[in-house]
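These notes are about the structure you will find just below.
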Amino acid sequence: MCSVVGYSGPRLCRQMILEGLSRLEYRGYDSSGFACINATSKLASVKTQGGIQQLNLKIATQEMGVSISSSGENNLDGTLAIGHTRWSTHGVSTDTNAHPHFDCHKSIAVVHNGIIENFVLLKEKLQLAGHHFVSQTDTEVVAHLFEDEIKTKSLEKAVLSVVTKLQGAYALLIISEKYPDYLIAVRKSSPLCLGVADKEIFVASDVTAFTDKTDQVVFLPDESFVLISGTDYHVYNYFGERIYPPVQKNTCIWLSEGKSGYEHYMLKEIYEQKRVIIDTVNFLRGNTAAVMQQLNISPETVQDIQNIHFIGCGTSWHAGLIGEYFMQEIAQVATQSFLASEFRYKKFFSYPRTLTIIISQSGETADSLEALRLLSASKQPTVALANVASSSMVREADGFLLTQAGQEIAVASTKAFTSQIAALYIFAHWVAHSKGLITNKAIARAHEELFVAGEILENSIERYKFDIVARIAPYYAKYKNFIFLGRHISFPFALEAALKLKEIAYIFVDCYPAGELKHGPLALIDAQTPVVLFSCLDEVIYKKLYGNAQEVKARSGHLIVFAFEHQKDLIALADTVFIFPKVNPLLAPLVMTGLVQFFVYQIALLLERPIDRPRNLAKSVTVE
Ligand code: F6R
């Protein structure tokens with residue numbers, strides 16, 4: 001979604017804010033803006049459609065031009081400032097809809113991540129009272145509400161009064177000419193944290209914005225606000241009481257290594273997957289005691305578990321669907337996966353002896369976070385399986401398990417998915433071990449199997465790389481529609497593969513469990529719609545899949561098959577085939593992961609898509 005960054009301290013901070021924002025551009029990137037209280041205590045600002053590069057260009061153009069007054073009134077830098085990158089929710093991406101937004105006199109500036117759900121009503125009331133609006137955004141109401149409140153109230157009371165009127169989710173940063181020494185930060189549901197350095201304070205949606213400046217972090221509690229002046233900061237809850245959230249040491253420091261010579265972050269991250277599997281295994285087996293403490297579930301609880309539930313969105317939900325097979329086959333626990341966005345609004349049943357694992361790369365996805373809160377409120381035990389150690393889910397769940405993917409920058413998830421699968425595979429073995437179902441030797445074997453899977457994942461990209469680039473991707477890039485099929489554990493993998501093709505190549509894909517073909521989708525089969533079929537290593541399932549492949553061929557369908565080397569009959573049916581060595585059947589999806597991502601990446605490249613930042617998408621979805 002959007003990101004906000006603010007600064008209060010002795011230094012001119014425009015450059016720091018822009019740097020911070022560019023590190024958070026993964027959260028949204030269709031427009032950007034900056035506002036500060038400058039040396040003459042005036043509010044100065046700039047905003048534009050487009051990301052930080054366009055913002056820098058606009059600033060440079062403004063500063064070269066005549067618009068800078070000799071009195072310095074318009075000087076666009078200061079020691080108190082806020083910035084924003086946007087991912088549009090209300091109002092298309094234009095200069096006017098870019099943040100910051102202002103009150104009627106342009107003396108208050110507001111940046112916002114989230115959604116003000118009741119903005120239409122608030123806007124109507126404010127307009128009736130004479131306020132003049134210029135944008136289509138929900139955010140602008142905050143500036144106008146604040147304009148009214150600070151006329152008569154103290155700063156603290158004005159903020160409290162504004163928040164009682166707002167419904168929805170928001171991380172807000174506000175500055176004003178009336179209080180030129182104050183930066184106001186408000187949090188409800190959307191993430192917001194302070195970076196506390198010796199002589200300055202940073203505030204941002206994510207610690208990444210200031211990890212090079214300070215490792216001292218205050219995570220603002222939900223429904224709280226902070227008044228920052230110089231290096232002083234006072235935090236309040238929504239009852240107006242002073243609260244003292246702890247200052248924590250940020251141990252998760254990911255400084256971007258850049259693309260390391262790859263054309264896109266996505267390609268770099270595809271190639272990092274073997275390393276990620278090795279890191280995940282080594283981390284989990286080398287730090288077992290610490291990890292068990294973080295998981296915060298006693299061996300007795302594990303032995304007593306009757307159900308495991310996974311909850312996630314998008315790729316993380318797919319990882320949960322695959323994890324279901326691990327938990328059922330290895331640990332023999334009934335397991336179900338839920339889409340967070342559906343789970344939240346279904347009738348809630350509190351299951352006894354059930355552990356829920358919320359799976360999320362970012363640890364901030366709004367739907368997953370709210371599902372977690374729902375479970376916590378009814379005292380159901382929860383674990384966050386997340387990649388970002390400082391994330392809300394890691395802080396709010398009863399326990400956590402950290403995946404070891406490192407920072408994933410491309411919007412489309414690749415290595416985070418792989419690390420989730422590896423972690424879930426090991427977790428299933430731990431549960432099985434606690435229940436006395438397997439020995440230590442089996443856990444060691446699982447580690448070895450993961451190493452082998454990582455090796456195959458990478459080798460298969462190398463094996464088909466040239467063919468995909470030279471022949472296969474150019475051939476398939478011209479198709480407008482695809483059907484993806486899987487069965488048993490390869491069905492959730494087919495869902496994940498289809499999602500990758502949709503999001504980075506903008507190609508329509510319908511994905512089905514292969515057994516459903518004859519219940520409708522078979523009518524779609526023709527030579528114009530390639531069918532991609534992901535095989536399984538289970539012998540019974542393989543035979544069924546082979547039958548489904550025959551159904552496709554019998555209707556003149558075009559078949560692309562991801563198969564295993566002994567599956568000669570299936571291989572013979574395929575128009576295009578990718579062949580993999582045999583592994584543990586449960587790890588079949590993992591070994592296919594790299595190649596399917598590489599194939600999709602090459603199609604997107606040929607179609608000249610903005611691969612790392614697909615249209616309309618953001619890396620961290622902190623609004624519903
Ligand atoms: C797809 C993708 C998304 C995310 C989803 C959940 O490539 O990345 O589908 O998986 O938005 O995000 P997290 O895992 O951060 O909760």
Side-chain angles (χ1 to χ4, degrees), residues 1 3 24 26-28 87 190-191 205-206 208 252 254 264-267 269-270 273 310-323 337-344 356-373 382-394 396-397 400-403 405-421 423-424 492-507 509 511 593-594 596-597 600-601 604 609-624:
M1 302 298 85
S3 58
L24 302 190
Y26 68 87
R27 300 170 64 89
W87 188 82
S190 301
S205 304
D206 181 340
T208 320
C252 166
W254 287 332
H264 291 97
Y265 280 109
M266 182 175 177
L267 189 59
E269 289 162 4
I270 289 173
Q273 293 179 105
F310 292 124
I311 296 184
C313 298
T315 293
S316 294
W317 174 58
H318 299 154
L321 289 168
I322 292 173
S337 297
F338 298 91
L339 266 173
S341 53
E342 292 294 322
F343 179 85
R344 286 180 68 179
T356 304
I357 302 183
I358 319 287
I359 307 176
S360 174
Q361 187 284 128
S362 62
E364 299 292 351
T365 302
D367 283 317
S368 307
L369 187 56
E370 288 307 320
L372 165 63
R373 288 176 179 160
T382 55
V383 164
L385 177 64
N387 195 39
V388 181
S390 57
S391 61
S392 303
M393 286 182 212
V394 169
E396 292 187 28
F400 62 88
L401 183 59
L402 293 174
T403 47
Q407 188 175 21
E408 190 178 63
I409 292 179
V411 164
S413 192
T414 52
K415 61 176 181 165
F417 171 73
T418 296
S419 67
Q420 289 166 344
I421 298 295
L424 288 170
F493 181 67
L495 283 173
E496 171 58 13
L499 178 63
K500 291 283 106 64
L501 187 58
K502 291 182 237 191
E503 66 182 333
I504 70 158
Y506 313 160
I507 291 178
V509 189
C511 181
T593 299
V596 83
Q597 292 163 347
V600 165
Y601 169 87
R609 307 297 192 220
I611 292 177
D612 284 336
R613 293 174 170 192
R615 68 184 178 199
N616 309 335
L617 299 179
K619 185 78 188 150
S620 180
V621 186
T622 56
V623 291
E624 259 192 79

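Numbering of residues begins at 1 and proceeds along the displayed sequence. All heavy atoms count here, side chains included; hydrogens, waters and symmetry mates do not. Atoms within each ligand, like the ligands themselves, are counted from 1 in listed order.
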Could you list the atoms of ligand 1 found under 4.0 angstrom from a heavy atom of Ser316? 10 (O), 13 (P), 14 (O)

Nearest-neighbour protein heavy atom for atom 15 (O) of ligand 1, which is reported as residue plus atom name and distance: Ser362 OG, 2.7 Å

Flag for Gln273-Thr418: side-chain donor and acceptor within less than 3.5 Å: yes

Under 4.0 Å, heavy-atom basis, I'd like to know which part of Val411 is in contact with ligand 1: side chain, backbone, both or neither. backbone

Taking atom 6 (C) of ligand 1 as the reference point, the nearest protein heavy atom with its distance: Cys313 O, 3.3 Å

With a 4.5 Å cut-off on side-chain heavy atoms, are Tyr601 and Thr414 touching? no

Identity and separation of the nearest protein heavy atom to atom 12 (O) of ligand 1: Thr365 OG1, 3.4 Å

Provide, to 0.1 Å, the distance between atom 3 (C) of ligand 1 and the closest protein heavy atom, together with that atom's residue and name. Thr315 N, 4.0 Å

Can you find a non-hydrogen atom of Glu364 under 4.0 Å from ligand 1? no

Answer yes or no: is there a side-chain heavy-atom contact under 4.5 Å between Ile409 and Asp612? no

Which atoms of ligand 1 have any heavy atom of Ser360 under 4.0 Å away? 13 (P), 14 (O), 15 (O), 16 (O)

What atoms of ligand 1 come within less than 4.0 Å of a heavy atom belonging to Leu499? 1 (C), 9 (O)

Is the shortest heavy-atom distance from the side chain of Met393 to the side chain of Thr365 under 4.5 Å? yes

Is there at least one pair of N or O atoms, one from Gln361 and one from ligand 1, spaced under 3.5 Å apart? yes

Could you identify the single nearest non-hydrogen protein atom to atom 7 (O) of ligand 1 and state the distance to 0.1 Å? Glu503 OE2, 2.4 Å

About how many Å separate CG of Leu321 and CD1 of Ile359, when rounded to the nearest 0.5 Å? 8.5 Å

Check whether any heavy atom of Ala412 sits under 4.0 Å from an atom of ligand 1. yes

Give me the nearest non-hydrogen protein atom to atom 11 (O) of ligand 1 as residue plus atom name, then the distance to 0.1 Å. Val621 CG2, 4.0 Å

Between CD of Glu396 and CG of Leu372, what distance do you get to the nearest 0.5 Å? 6.0 Å

Report yes if Ser368 has an N/O atom closer than 3.5 Å to an N/O atom of ligand 1; otherwise report no. no

Are any of the side-chain heavy atoms of Val509 and Lys502 separated by less than 4.5 Å? yes

Determine whether the side chains of Glu364 and Ser391 contain a donor N or O and an acceptor N or O closer than 3.5 Å. no

Is there a side-chain contact between Ile322 and Glu496 (heavy atoms, below 4.5 Å)? no

